Amino acid sequence: MDNETIGSTLDQVADLLEIEGASVFRVRAYRGAARTVSALASPVSTLPEKGPGSLEELPGIGKDLAGKIRELAETGELAMLHELKSRTPESLIHLLELPGLGPKRAKAIHEGLGIDTIEELEKAAREGRLRALKGVGPKLEAQILEGIAARAARGKRISLAEAEAQVEPIVARLREVPGVLRIEVAGSYRRRRDNVGDVDILVAADVSVAIGKKLIADPQTDKVLADGDTKTSVLLKSGLQVDLRVVPEETFGAAMHYFTGSKAHNIAIRTLGVRKKLKISEWGVFQEDKRLSGEREEDVFEAVGLAWVPPEIREDRGEIDAAREGKLPKLVERAELRGDFVAGKPDADELAAITSAWRAKGGAWLVVIGAPRSVIERAREHAGVELFAGRVVTIGEGGSIGASEEELAEVDVVIGEIDAANLAEKALTQALVAAVETGCLHVLARPFGAGKPRQFDVEAVAKACRERGVLLGLDARFLQGADGYARAVKEAGARLALTSHARNVEEVELLRYGLDQARRGWCEAKDVANTLSAGELRTFLARG
DNA sequence: GCCGTTTTCGGCCCGACTGTTTTCAGTCG
Ligand SMILES: Nc1nc2c(ncn2[C@H]2C[C@H](O)[C@@H](COP(=O)(O)OP(=O)(O)OP(=O)(O)O)O2)c(=O)[nH]1
Ligand SMILES: [Mg+2]
Ligand SMILES: [Mg+2]
């Protein structure tokens, strides 16, 4: 079973335990493990059984959870989950998707009314039977019916680019409201996750500004989910949820920290505070109810003895220890990028437009993939950036390279791509290592199958790449799991190549989404080949 | 279920909004 499926299975366990009324801390442990396993770059089977790097060494995973994760990885089954399902119907998990319906009410609905499914719930709500339950009245009943009706319209997670497109005009309108002192998008958007579940906006303003009402009146707003003094949530017409938080300017820093998250990072920071007898919340840092600070985001970190942590790595995956020890990475920045890999299909005019746009951005070189040499030669004359000829070659199942030596000699950069659909994890790893060891490749593309990243032993492959001077490609068009991939590559001492595959001027912009994921993967300039100068790249290509 | 410059037992982040409630539980961020 792959890591993502193990993660969602552990989340199912957490849901069922929660419905059963298990300890919230036990539930949290399962959710934490789910999150940790989903983020692993390589399959569980590649981790050592014991000692450094083993499952049990991962924070929040002890003997018990490690055993369950191994059981899932090896057999695809979990005995405990079967037992849970025999006690509590699995279908109850779907009730939790309805807004306002959590584990307590799901349990009450199941036990009090014998309801197991959304269909039964809808029938009961229509007949007014839900209000027989303690704590449920006509309003909740109506809300549940509405939730069932609106189920399909409520959006799923969307890409960061899509979220940017939707939210930028809204933020622009809110920014113009008189009395808005500061406005920033926080949450997973600020942490630059490749997909976001909602958009979280923080505003510094007086309550009298009633900024929440302005969001409610926005042309894109469809439905109001909640509306209080400091917090408003709406659903846009697109189905995207927007959460708005309003605070006075003097608590903007602490509020930014809270609203940026992640949840796991917040809990870790607040726990450090508790040990120092401090209380940390969106309202500031407090000692015995006396407010110490909170105007700046740094205040929160300083209060617990940490350096300011870049939002991209606030995931409780080691950044807190690093911030304490002064070992935070100096994350690679946009201004440091000098090269990109673009698609070769464009005609000479399009290529000229791309090269001049890239030069205008401060770029120094481009690898043009798949263009005829003649096109590149001609483009070179007016390019103003150095052009390299690139070619994609197919890697066979045994790691063979699908091109002749003469063909390879015609280009400057050889990019190996494997058709991974039919290979198991181990065979895939072996094929990739073998391909790298032919010495023919300059870049190894990230393997995908059926539109999803394929699992393999990233550490083993990245180490082979490091030895052979091969870059690991990170395609900015396909970023699922790219942050974990980047981190594993960096930790193996290898180097990434971010590739936009731009076919036109607009798509050159895509590279920054790749950069975001490299940053989430703790990458510094030295970990990303796009920061090399043209001369340095040339030397690298010559395996110098 | 995990974990330990307090601890191997007994804690585990903190607050806003809603509905149903005569004082707070549930859900969500
Ligand atoms: N302290 C604390 N903060 C939380 C909790 N839940 C959420 N937050 C904070 C951190 C989150 O990043 C921020 C926004 O919440 P969201 O539910 O929108 O999560 P986030 O944006 O991280 O991910 P998303 O893509 O929306 O699923 O609020 C919590 O239980 N405790
Ligand atoms: Mg969010
Ligand atoms: Mg949110």
Side-chain angles (χ1 to χ4, degrees), chain A residues 10 13-14 17-19 21-34 36 55-69 80 95-109 130-144 147 186-188 196-202 207 212 224-234 241-247 251 254-286 289 294 300 304-305 316 321 324:
Chain A
L10 291 174
V13 171
L17 282 172
E18 214 172 6
I19 293 171
S23 145
V24 294
F25 305 108
R26 186 162 170 236
V27 171
R28 187 186 292 172
Y30 278 88
R31 294 211 192 281
T36 300
L55 265 180
E56 268 136 299
E57 296 256 306
L58 294 173
I61 297 181
K63 218 168 151 53
D64 183 86
L65 277 166
K68 291 189 167 105
I69 292 164
M80 177 221 194
L95 304 192
L96 304 179
E97 289 162 19
L98 302 172
L101 218 172
K104 297 281 176 6
R105 286 175 184 148
K107 182 181 165 83
I109 286 167
L130 294 187
R131 61 188 82 175
L133 297 170
K134 193 171 62 147
V136 180
K139 288 227 174 144
L140 265 172
E141 209 169 54
Q143 187 189 320
I144 284 170
S188 50
V196 302
D198 67 5
V199 172
D200 306 285
I201 303 175
L202 181 66
V207 276
V224 181
L225 300 174
D227 183 28
D229 286 343
T230 70
K231 196 176 134 174
T232 301
S233 288
V234 303
Q241 182 172 330
V242 174
D243 293 333
L244 181 75
R245 200 65 207 261
V246 197
V247 296
T251 79
M256 267 305 265
H257 180 264
Y258 151 71
F259 218 23
T260 297
S262 65
K263 174 179 170 174
H265 170 90
N266 286 357
I267 291 178
I269 293 282
R270 290 172 180 206
T271 303
L272 289 181
V274 169
R275 294 208 194 115
K276 288 182 180 286
K277 304 228 182 288
L278 299 173
K279 185 179 61 157
I280 296 169
S281 76
E282 62 266 48
W283 299 106
V285 179
F286 299 84
D289 288 346
V300 175
V304 290
D316 193 22
D321 284 342
R324 185 185 300 112

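All of these numbers come straight from a predicted model, not from anything done at the bench. By convention in this document, chain letters (A, B, ...) are assigned in the order of the sequence lines, proteins followed by strands, and residues within each chain are numbered from 1.
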Going through the checks in order, is the side chain to side chain contact (heavy atoms under 4.5 Å, CB included) test met by A:Asp243 and A:Ile201?
CA-CA 6 Å; A:Asp243 293 333; A:Ile201 303 175; over 6 Å; no
Determine, step by step, whether A:Met80 and A:Val13 satisfy the side chain to side chain contact (heavy atoms under 4.5 Å, CB included) criterion, reporting the C-alpha distance in whole Å, the side-chain angles of both residues, the deciding distance to 0.1 Å, and the verdict.
CA-CA 8 Å; A:Met80 177 221 194; A:Val13 171; 3.8 Å; yes
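A distance of about 30 Å separates the P atoms of B:dC14 and B:dT20, rounded to the whole Å. For the C1' atoms, the distance from B:dG1 to B:dT5 is 24 Å, rounded to whole Å. If you take atom P in B:dT6 and the same atom in B:dC12, they sit 15 Å apart, rounded to whole Å. Rounded to whole Å, the separation between the P atoms of B:dT21 and B:dG26 comes to 13 Å. On the P atoms, B:dC9 is 35 Å away from B:dC24, given to the nearest whole Å. Taking atom C1' on both nucleotides, B:dC13 is separated from B:dG29 by 12 Å, rounded to a whole Å. Using C1' as the reference atom, B:dT23 and B:dT18 are 15 Å apart when rounded to the nearest Å. Annotation: B:dT8 and B:dC2 have their C1' atoms spaced 12 Å apart (nearest Å).
Taking atom NZ of residue A:Lys134 and atom P of nucleotide B:dT22, one finds them 11 Å apart after rounding to whole Å. Rounded to a whole Å, the NZ atom of A:Lys104 is 18 Å from the P atom of B:dT20. Regarding A:Glu18, its CD atom lies at a distance of 15 Å from the P atom of B:dG1, rounded to whole Å. Separating the NZ atom of A:Lys139 from the C1' atom of B:dT21 is a distance of 13 Å, rounded to the nearest angstrom. In this structure, A:Leu202 atom CG and B:dA16 atom P are separated by 14 Å, rounded to whole Å. Atom CZ of A:Arg270 and atom P of B:dG29 are 15 Å apart (whole Å). If you take CD1 of A:Ile201 and P of B:dG29, they are 15 Å apart, rounded to a whole angstrom. For the pair A:Glu282 CD and B:dC17 C1', the interatomic distance rounds to 13 Å; values are reported in whole Å.
Listed nucleotides B:dG15, B:dG26, B:dG1 differ in distance to A:Ser281; the shortest reach to its side chain belongs to B:dG15. Considering only side-chain atoms of A:Asp200, the nucleotide from B:dC2, B:dC17, B:dG29 that sits closest is B:dG29. Set against B:dA16, B:dC2, B:dT27, the side chain of A:Asp64 has B:dC2 as its closest nucleotide. In the set B:dG15, B:dG26, B:dG1, the nucleotide with an atom closest to the side chain of A:Lys231 is B:dG15. Listed nucleotides B:dG1, B:dT27, B:dA16 differ in distance to A:Arg245; the shortest reach to its side chain belongs to B:dA16. Counting only heavy atoms from C-beta on, A:Asp227 has its side chain closest to B:dT18 among B:dT18, B:dT20, B:dG1. The side chain of A:Trp283 lies closest to B:dA16 when the candidates are B:dC2, B:dA16, B:dG19. If you check B:dC17, B:dG29, B:dC13 against the side chain of A:Lys263, the one that comes closest is B:dC13.
Comparing A:Gln143 and A:Ala66 against DNA chain B, the residue whose closest nucleotide sits nearer the 5' end is A:Ala66. Residue-to-nucleotide proximity on DNA chain B shows that, of A:Gly228 and A:Ala268, the 5′-proximal contact is made by A:Ala268.
Phosphate contact (OP1/OP2 of B:dG26, side-chain N/O of A:Lys107, threshold under 4.0 Å): absent. The shortest distance between the side-chain N/O atoms of A:Gln241 and the OP1/OP2 oxygens of B:dG29 is below 4.0 Å.
Salt bridge annotation for A:Glu18-A:Arg31: present, with a cationic side-chain nitrogen under 4.0 angstrom from a carboxylate oxygen.
Note on A:Leu98: only backbone sugar-phosphate atoms sit closer than 4.0 angstrom, heavy atoms only; bases stay farther off. A:Lys68 comes within 4.0 angstrom of sugar-phosphate atoms only, judged by non-hydrogen atoms across all strands, and of no base. Counting any heavy atom pair closer than 4.0 Å across all strands shown, A:Ile280 reaches sugar-phosphate atoms only and no base atom. If you check every strand for non-hydrogen atoms under 4.0 Å, A:Val136 touches sugar and phosphate atoms only.
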Enumerate the protein-to-nucleotides 3-12 of chain B contacts in which both atoms are nitrogen or oxygen and the separation is below 3.5 Å.
unit_1: B:dC3; atom_1: OP1; unit_2: A:Gly60; atom_2: N; d: 2.8

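Of all non-hydrogen atoms in A:Ser188 and A:Asp200, the two that sit nearest each other are N-OD2, 4.3 Å. Scanning both residues, A:Ile19 and A:Lys107, for their nearest heavy atoms gives O-CD, 3.1 Å. Nearest heavy-atom pair across A:Ile269 and A:Ile280 is O-CD1, 3.9 Å. The shortest non-hydrogen separation linking A:Pro99 to A:Gln143 is O-NE2, 3.0 Å. Contact between A:Val27 and A:Ala14 at its shortest, heavy atoms only, is CG1-O, 3.9 Å.
Side-chain to base pairing of A:Tyr258 with B:dG15: no donor and acceptor N or O lie closer than 3.5 Å to each other.
Searching all strands for a Watson-Crick or G-U wobble partner of B:dT8 with both distances below 3.5 Å returns nothing.
Looking at heavy atoms from C-beta onward, A:Arg26 lies in side-chain contact with A:Leu17 at the 4.5 angstrom threshold.
Taken from CG in A:Asp289 to NZ in A:Lys279, the straight-line distance is 5.5 Å, to the nearest 0.5 Å.
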